[in-house]
Each structure stands twice: as structure tokens, then as C-alpha cells.
Amino acid sequence: MMRYFAVTFIFYIIIVNCHRSGRTRKNVTIIGLFHPEELQEQTAFRIAVERVNLIILNDTTILPHVEEVSANDSFNISKRVCNILAEKGTNAVGIFGPRAETAIGIVKSISDYYEIPHIETRWETTTRKNKMAINLYPESKLLAQALMDTIRDMDWKSFTVVYEKDEGIVRLQELLKSHDGLAKGAGQTPFTIVQLGEDPDHRPLWKKIKTSGETHIVLDCSADKIVSILRQAKAVGMMGDYNSYVVTSLDAHTIDFEEFKFGQTNITALRMLDPSSAILQKAVQDWIFDEMNHNRTASVTSNNLKIQSALMYDAVHLFAEAWIKLGSLYTTPVPIDCYSKEGVQKSIIKISNGFRLLNFMKLMQSEGMSGKMAFDNSGLRNYFSIEILQLIDKGFKKLGSWDPKNGISYTRTTSEMAGEQLQNIKNKTFIITSRIGRPYLDFKKGEGLKGNDRFEGYSLDLIEEIAQELGFTYIFSLVPDGQYGSLDKKTGQWNGLIRELQERRADLAICDLTITYDRRSAVDFTMPFMTLGISILFSKPVKQPPEMFSFFKPLSFDVWVYMVTAYLGVSLLLYFLSRCSPFEWENPHPCNPDPKELELTFTLQNCLWFSIGSLMAQGSDLLPKAVSTRLVAGMWWFFTLIMISSYTANLAAFLTMERMDAPITGVDDLVNQNKIKYGLLRGGSTANFFRDSNVSIYQRMWSTMESSQPSVFVKSNDEGVERVQKGKRQYAYFMESTSLEYQMERKCDLEMVGGLLDSKGYGIAMPFDSPYRTAISGAVLKMQESGKLQQLKTKWWKLMHGGGQCDKRNEATPSNELGLANVGGVFLLLIYGCSIAFLVSLLEFLWNVRKVAVQERITPAEAFLLELKFVLLCHGTTKPLRKPREPSIRGSFMKLDIINKK
Ligand code: GLU
């Protein structure tokens with residue numbers, strides 16, 4: 001800046017001195033071609049010439065020749081330019097303008113032919129190259145790049161270009177080309193192009209755009225039409241929170257957007273002029289000063305200066321700076337006669353240095369009102385800086401800037417942007433769409449409830465927490481069709497909650513809405529607030545009461561049979577081996593060293609007694625003596641050791657276990673049978689998972705489900721649960737684990753079978769590119785970190801509406817206690833055994849009665865009473881020996897026997 005003022009000051013001194021010294025100044029003319037309406041540009045041209053004459057030029061005075069030309073009459077333009085060139089003493093050395101595409105061709109031809117530098121300030125749409133032209137307007141490809149970068153930065157996947165004039169679409173072709181490639185790469189519809197018609201009523205057009213669902217608009221029209229066009233967009237509801245506009249006109253900042261400032265529509269504009277630039281402010285001051293000198297009121301300010309005026313001002317300065325360096329090489333131009341051959345030849349000699357002057361301009365890197373500039377070989381401006389502006393309640397605010405070297409650089413920090421978003425969200429009333437489904441949302445019990453008070457549930461609590469955090473209000477409304485949202489592939493239309501958001505009837509959708517790839521292409525989601533997966537809901541097996549004789553279960557029937565066989569076999573073997581072995585024959589009277597006969601201890605009865613004693617781990621008072629019998633006894637003991645240990649180990653499990661027959665343990669079991677039907681919720685993400693899966697097992701399951709009659713699909717999770725409960729283990733329901741847990745907390749006859757088939761999350765959905773996404777996502781994240789989400793889940797899953805019932809039931813019956821049902825059979829066996837023993841003892845008693853009756857020669861009844869009396873006396877451990885009246889051999893044997901025993 002200092003340099004600029006210093007240079008200006010030095011030039012000013014030189015010029016003043018020249019004037020004082022009376023040196024003659026060469027007069028040259030520059031022609032300015034303007035449309036009659038381009039008044040500000042004309043003034044800028046004149047003022048710039050005055051300034052350069054006064055400050056920059058020392059031996060030349062530039063005379064501005066302003067010609068007002070019509071855009072469509074190129075013949076008239078050529079005539080007027082030629083007349084000026086032919087005028088004696090005019091000395092035309094440069095042509096500025098015109099701006100109209102239709103008028104430029106003839107001027108370019110003349111300037112090329114006579115090598116007169118042609119300085120342009122217009123958006124060049126053609127690739128036509130002229131050797132004598134230099135254009136201060138940003139090169140169209142680079143300008144398109146700036147637009148493209150801005151749009152890309154806003155993350156627009158698609159947009160509609162609304163343009164006014166045909167040249168608009170030519171100007172934007174670079175933008176469209178590059179976005180096309182990008183969007184197609186991502187599999188999206190790139191853009192739609194719509195032209196504003198001649199009819200000033202553009203509302204039907206905006207309505208069409210609205211119906212298409214597009215919310216991103218690139219508006220290409222002249223600055224003075226922007227407000228009226230946006231007003232019509234507003235009239236059809238295209239200026240809501242979710243609409244975003246990029247205005248391509250570089251003069252948008254000069255327009256009063258007052259009526260749109262307080263709307264929530266995102267309006268982005270690009271501006272080349274930086275009102276805070278010292279050069280621009282100085283130029284505007286000079287401008288105002290100059291106008292005042294001419295007794296004119298200047299309405300120009302650094303904020304309402306049009307780009308064309310600034311470029312014209314810069315163009316004159318650029319020319320003047322080049323003239324200082326090379327102007328002396330110019331021989332004094334003489335009139336050019338465009339229409340005579342002679343004139344043509346003369347002119348070629350006369351303005352031969354025009355080409356050098358223009359090339360010099362191309363090489364110059366100067367700074368003007370429109371910022372720094374540099375040009376390529378074709379004279380196109382390849383360096384400029386653009387400011388990206390956003391309309392806020394206080395007017396346009398600079399978001400960042402763009403230049404060809406660095407691309408976009410933002411001037412706002414992320415926290416500033418977040419702060420602004422938060423500010424916007426406050427005072428907003430969100431329409432929240434949802435559907436009834438416990439525990440997420442349900443009608444509250446009670447009468448006369450209104451508004452949000454009608455509902456209760458997890459979703460309501462969740463949004464209440466977020467609303468408190470961010471300071472907004474909300475209204476809950478139910479989705480008319482009660483659907484979550486699925487895409488009809490034939491019509492390409494969504495239904496349910498997703499459609500409500502797409503059609504902007506709601507701002508947020510909250511319920512158990514799963515984040516899926518398809519839905520993500522239609523709406524935006526916040527961070528997931530719950531994670532889950534698909535699982536199988538099935539009814540628990542009905543518990544079988546423990547069996548009375550379950551103590552037989554540890555060993556299979558076969559083993560019991562083998563055991564009995566082994567027992568009998570070993571007892572017999574022992575008996576035979578004892579008989580064979582001399583060591584098992586014993587002296588019946590040990591006091592008699594010379595016995596007449598030997599007695600076998602291991603009689604068949606004793607063998608059976610010995611074996612059973614060992615088997616029951618009780619032992620017996622009989623012990624084998626021979627090696628062979630001991631070997632058999634050893635092996636039998638080993639056998640019983642193993643068998644009894646195995647039996648004992650298994651016994652506990654069999655006594656405590658309640659029989660559970662599990663016909664399915666996961667999807668593999670389901671797919672391989674056709675007895676148990678399985679189904680899912682129609683139109684939900686679970687159905688889509690099976691329908692779109694590439695896994696063969698899921699594909700098979702989907703086709704089975706589709707072909708099942710009656711249908712296995714249900715309309716709501718509650719219906720699915722009811723079907724499982726009533727299905728007597730003949731219907732399994734695929735359900736999301738979160739909802740499944742909720743049901744299992746309340747319905748203890750239900751269980752989850754197998755693991756999770758996938759992993760996903762529920763998110764809060766909102767229209768595409770919603771400006772509130774970051775803020776709401778942040779609030780969800782905060783709740784997750786603070787444990788609030790978990791608290792809410794515990795509240796609605798375990799505490800409210802009968803949750804946690806099944807936990808209590810499990811606690812109430814400790815599983816490790818054995819009841820009578822478990823061990824009743826053992827008691828029964830004991831009773832049976834004792835009863836049999838009693839019967840046997842009765843038989844023995846009767847047998848003895850019979851014997852006593854014979855011996856005592858009394859009647860059996862008398863003998864019975866006698867013996868019974870003795871038994872019932874219950875005291876005395878000795879019993880008199882009954883003597884037979886007629887001693888018999890048998891009787892004496894008995895007597896002897898008793899004596900011996902004594
Ligand atoms: N949460 C699912 C959805 O958003 C609905 C339930 C389901 O499909 O199991 O579509």
C-alpha cells in the first residue's frame with residue numbers, strides 16, 4: 001500500500017512539474033464502447049482516465065471517447081468505431097468494451113486488423129482467441145472451478161441450475177462437466193438445468209423444482225433480477241431451511257437481500273471485490289471526489305461498486321501503466337480509413353506497436369480494485385481472488401476466499417461455524433415424525449392430553465434431552481402410513497418416515513429407524529444412538545418336570561442291562577472259580593484239626609451277596625482267598641469303582657436338569673427344516689437385509705419366506721411377537737436385537753436364539769444436507785459419553801411397563817436345590833425295597849409258624865398267636881427253643897445246630 005501511495009505521489013509531482021514547465025503533452029484517445037444502461041461503467045471509465053492523466057501519465061494525455069452502442073447492431077458499431085479511427089487528430093490507441101456477446105465480434109475484428117489493443121471486461125464464454133485482446137474478467141474455466149470448489153465444499157451431490165440467458169449455460173458448462181463426472185462416479189444424478197422463461201412469473205418453474213425434491217440451486221441471472229426471482233421461489237416454499245442457493249453473479253453483494261436475511265435459507269454468493277481493500281477504498285474516494293468536482297452526486301460506495309465498473313477502472317489503469325513503458329514507441333497515429341485499401345495499408349504501418357503494447361500488458365502483474373491480476377498468453381486473466389459470502393441476518397458475511405493457486409481457504413474457524421449453527425437452531429420448532437411402537441413411542445394413558453403430552457417413550461425422552469441441550473422446541477406427529485420407509489424400486493418412491501422427510505413435512509424422524517445405505521441416499525442421519533443386529537425370537541421350550549426315576553438316567557438302559565449281566569456273570573464266575581480252587585474250601589470247625597469235610601464259603605448266594613456288596617461300595621464280610629478268585633474280585637472292584645464314579649458324576653446333572661429340547665439353535669437349523677416357519681416385519685430394514693443379501697443361506701431363507709402360505713410376514717413387531725407366542729414353537733420371528741431384548745424383559749416365555757446376523761444402528765433421520773445435522777449429532781454423542789443414552793435405555797427397557805420381570809422370576813428359583821421331584825424316585829425305591837423285605841419277612845414268619853405248629857403239635861393259629869405275641873412283646877433278645885414232642889432225626893439236628901451256634 002505504501003508503495004502505491006509513494007508511486008502515486010511521485011507521479012503526481014512529475015505531472016504537476018511538467019504542466020508547470022509547459023512541456024507539450026501528446027494526446028491519444030481510447031474508445032469506450034458501452035451499452036446506454038451501463039452508466040456506472042461509463043463513469044468508471046471517465047474517472048479512471050482522469051486519474052491516470054493526473055497521476056500516472058507525464059507526457060501523454062489520454063482522452064476518453066465514450067460511445068453508446070446497442071448490443072445487436074454490429075454494423076452500426078463497426079461504422080462508429082471506424083468513424084472515430086478516421087477522425088483526424090483523434091489518435092485512437094485502444095478500444096475498451098463493449099460487453100455484449102453479440103457486439104463484440106466486429107470490434108475484435110477491427111482491433112485485430114489494425115493492431116489496436118482491445119481491452120475487455122466481460123465473462124468470455126467462447127474459446128475464440130484474438131491476438132489483440134486482453135480480458136480483465138476472470139477466465140471462465142477458473143471461475144467455474146471456483147464455483148465447483150464452493151459447491152463441492154458444501155457437499156452437494158446434485159443441484160439444479162436455473163439460468164436466465166443462453167450464454168449463462170455456456171458460462172456454466174465447465175462447472176456442469178466437472179460435476180457430471182464426479183456425481184456419476186458416485187452413482188448419483190448430477191444436475192438438472194432449467195431456463196427462466198420470458199414470462200416474468202417463474203412460480204410454475206419453481207413449483208416443478210420443488211416437486212422434484214431438489215433443494216440445491218445454482219442461480220445464474222443478472223444481479224438486478226436475483227431478488228424478484230428469489231421472491232417467487234419463496235412464494236412456492238423454496239426458501240426454507242433446507243434450500244441452498246449459490247448465486248453466480250459477481251455483483252450479488254450490491255443487491256439488498258433484506259427480505260431473505262432472517263429466513264433460514266442458505267444463500268451463498270461470490271464476490272471479487274474486497275470492500276476492505278485499501279486500493280478499492282482509495283479508488284472509491286477518488287471517484288467520489290471527482291464526481292463532486294464535477295458537481296455530480298456520487299452514489300458509489302465500496303459495497304455497491306459493480307464488478308464491471310471496477311474492472312473498467314482497472315483496465316484503464318493497466319493500459320496507462322503499459323503506456324508509460326511503451327507509449328513512446330508509438331508513432332503519432334494518423335487517421336485510419338477502414339473502407340479504403342490505402343487506409344488499410346497505412347494503418348498497418350501506423351499502429352505497429354499496438355501488438356507490443358498489448359503483450360506488455362499481458363506480462364504485467366498489477367493490483368487494482370479487483371485485486372491482483374495476471375494474464376496468460378491469450379490475454380485471459382488467470383489470477384484473481386474470489387470471496388465466498390454467506391447471507392446472514394446482518395448481511396453478507398465472508399466465509400472464505402478462493403484463488404487459482406490455493407483453492408478455498410476458510411476464514412471462519414470450525415467452532416465459529418458450529419456457534420452460528422447453534423444460534424440458528426435456537427428458536428426453531430422442529431416437526432418430528434415418528435410411528436407408534438413400544439418402547440420408542442406409545443400413547444400415554446389418560447384423557448384430554450394434547451400435543452406432545454399424548455405420547456411417551458424412548459424417542460420422546462431422547463429428543464427432549466437433545467432439545468434441552470440445543471434449545472429448540474418440537475412437535476411430534478405420526479407418519480400417516482405407519483411405515484419406517486422403504487423404496488419402491490419400480491416407482492423410485494419412498495414411503496413412511498423417509499417420504500415425510502423428503503417432502504419436507506418433517507424436520508426429524510425418530511424411532512427405531514435403522515441407518516441403511518439406501519436410506520442414506522435419500523436422507524441424512526445423525527450418529528447412531530443405539531446399536532443392534534438381527535436375531536431370532538422364538539418361544540422358550542416348556543420346562544419338563546423332573547422325572548421320578550431320573551437317577552436311572554446317568555446310565556443308558558443298555559448300560560444298566562450290561563451291568564446286571566456283568567453282575568450275574570461275575571458272581572457265577574466267582575462261584576465256579578471258588579469251587580475249582582482248593583483254597584476256597586474251609587474247615588467248618590476250625591478247632592477240629594482233622595475235619596471230615598470241607599465247606600465252601602463262596603456259595604452261589606454268597607457270591608451274589610459279595611458282588612452286590614462291592615457294586616454298592618459297601619463290601620461284605622466274605623473275602624476270597626485263592627489267587628484266581630481274588631483276581632476276579634479285584635477286577636470287579638475296579639469295574640465298580642469306574643462305574644460308580646461315572647454314575648455319581650452324571651447323577652447331579654440329571655437330577656437338577658430340567659429337560660429342554662432345543663429344535664433350533666440358529667439360522668442354519670432354521671434353513672434346514674420346514675417344520676418351523678419363520679418370518680419378519682414387512683417393509684423394514686430386516687426384510688431388506690434378507691432381500692438384498694448375497695449370502696446364499698439368507699437368499700434361500702428369503703425365497704422360502706416369500707413363498708410361504710399363509711404369509712409369514714407381519715405388519716408390526718407386536719404382531720410378530722404374538723405369533724411366536726401363539727405359534728407353539730412352530731414360528732420363529734426375525735427381529736432387531738433391541739426390540740427383542742425389550743420383549744424378553746416382559747415375556748418370559750420368549751428367548752433369543754443364536755447370535756446376531758449383522759450389526760447396525762438406529763439414527764435420527766433428517767432431510768438431506770440439513771443444517772442441523774452436526775448440532776444434533778453432537779448432542780447425541782454427548783449423551784452417549786455421559787451415559788444418558790444408557791440410562792434412557794434402562795428406563796424404558798427394564799423399569800417402565802413391567803420390565804425386568806423375567807430377571808425376578810429367575811432369581812426366585814435358585815437352580816441348585818434338589819426338590820422331591822428330583823429325588824422322589826429314590827425314596828420310592830427305598831419304600832418298594834422295604835416293602836418287599838417286609839413281605840419276605842412275613843413269608844419267613846409264616847414259614848416259622850408252620851414249623852413251630854408242627855414241632856409243638858399245636859394248631860397253626862396257636863403257633864401264629866404264640867410267635868406273634870413274642871414278636872409284639874418287643875423286648876428280650878433270647879427266645880426259648882421249641883422242643884419237638886417226638887424227637888426226630890431232624891429235630892435233634894436242629895437242636896445240635898442251635899447249641900453249636902451258641
Ligand atoms: N428398524 C427397522 C427399520 O428401520 C424396522 C424393524 C425391522 O425391520 O425389523 O426399518
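Counting starts at 1 for both ligands and their atoms, in listed order.
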Tell me which one of Ser685, Gly437, Ser737 gets a heavy atom nearest to atom 2 (C) of ligand 1. Ser685
Closest protein heavy atom (residue, atom, distance) for atom 9 (O) of ligand 1: Thr686 OG1, 2.5 Å
Indicate yes or no: does an N/O atom of Asn717 lie under 3.5 Å from an N/O atom of ligand 1? no
Measuring from atom CD1 of Ile466 to atom OG of Ser777, what distance do you get when rounded to the nearest 0.5 angstrom? 9.0 Å
Show your working on ring pair (Phe, Tyr, Trp, His ring centres under 6.0 Å) between Tyr772 and Phe430 and close with a plain yes or no. CA-CA 10 Å; Tyr772 312 113; Phe430 283 98; 5.0 Å; yes
Evaluate Glu736 for polar contact with ligand 1, using N/O atom pairs at a separation under 3.5 Å. yes
Numbered atoms of ligand 1 (with element) below 4.0 Å of Leu513, judged on heavy atoms: 4 (O)
Within the structure, does Tyr484 bring an N/O atom to less than 3.5 angstrom of an N/O atom in ligand 1? no
Backbone, side chain, both or neither: what part of Leu681 comes under 4.0 angstrom of ligand 1, heavy atoms only? side chain
In plain terms, say whether Arg505 and Glu500 are close enough for a salt bridge, that is, a side-chain N and a carboxylate O under 4.0 Å apart. yes
Check this for me: does any side-chain nitrogen of one of Lys788 and Glu469 sit under 4.0 Å from a carboxylate oxygen of the other? no
Run the side-chain hydrogen bond (donor to acceptor under 3.5 Å, both in side chains) test on Glu736 and Ser685 for me, step by step, so that the C-alpha distance in whole Å, both residues' side-chain angles and the decisive distance to 0.1 Å come before the verdict. CA-CA 9 Å; Glu736 286 170 333; Ser685 59; 3.2 Å; yes
Where's the contact between Arg682 and ligand 1, heavy-atom distance under 4.0 Å: side chain, backbone, both or neither? neither
One finds that the ligand 1 atoms under 4.0 Å from a non-hydrogen atom of Gly684 are 8 (O), 10 (O)
If we number the atoms of ligand 1 from 1 as shown, the ones under 4.0 Å from a heavy atom of Asp512 are 1 (N), 2 (C), 3 (C), 4 (O)
Name of the residue among Lys428, Gln264, Arg504 meeting side-chain hydrogen bond (donor to acceptor under 3.5 Å, both in side chains) with Asp241: Lys428
Geometric class of the Tyr698/Phe689 ring pair [parallel <30°, tilted 30-60°, perpendicular >60°]: tilted
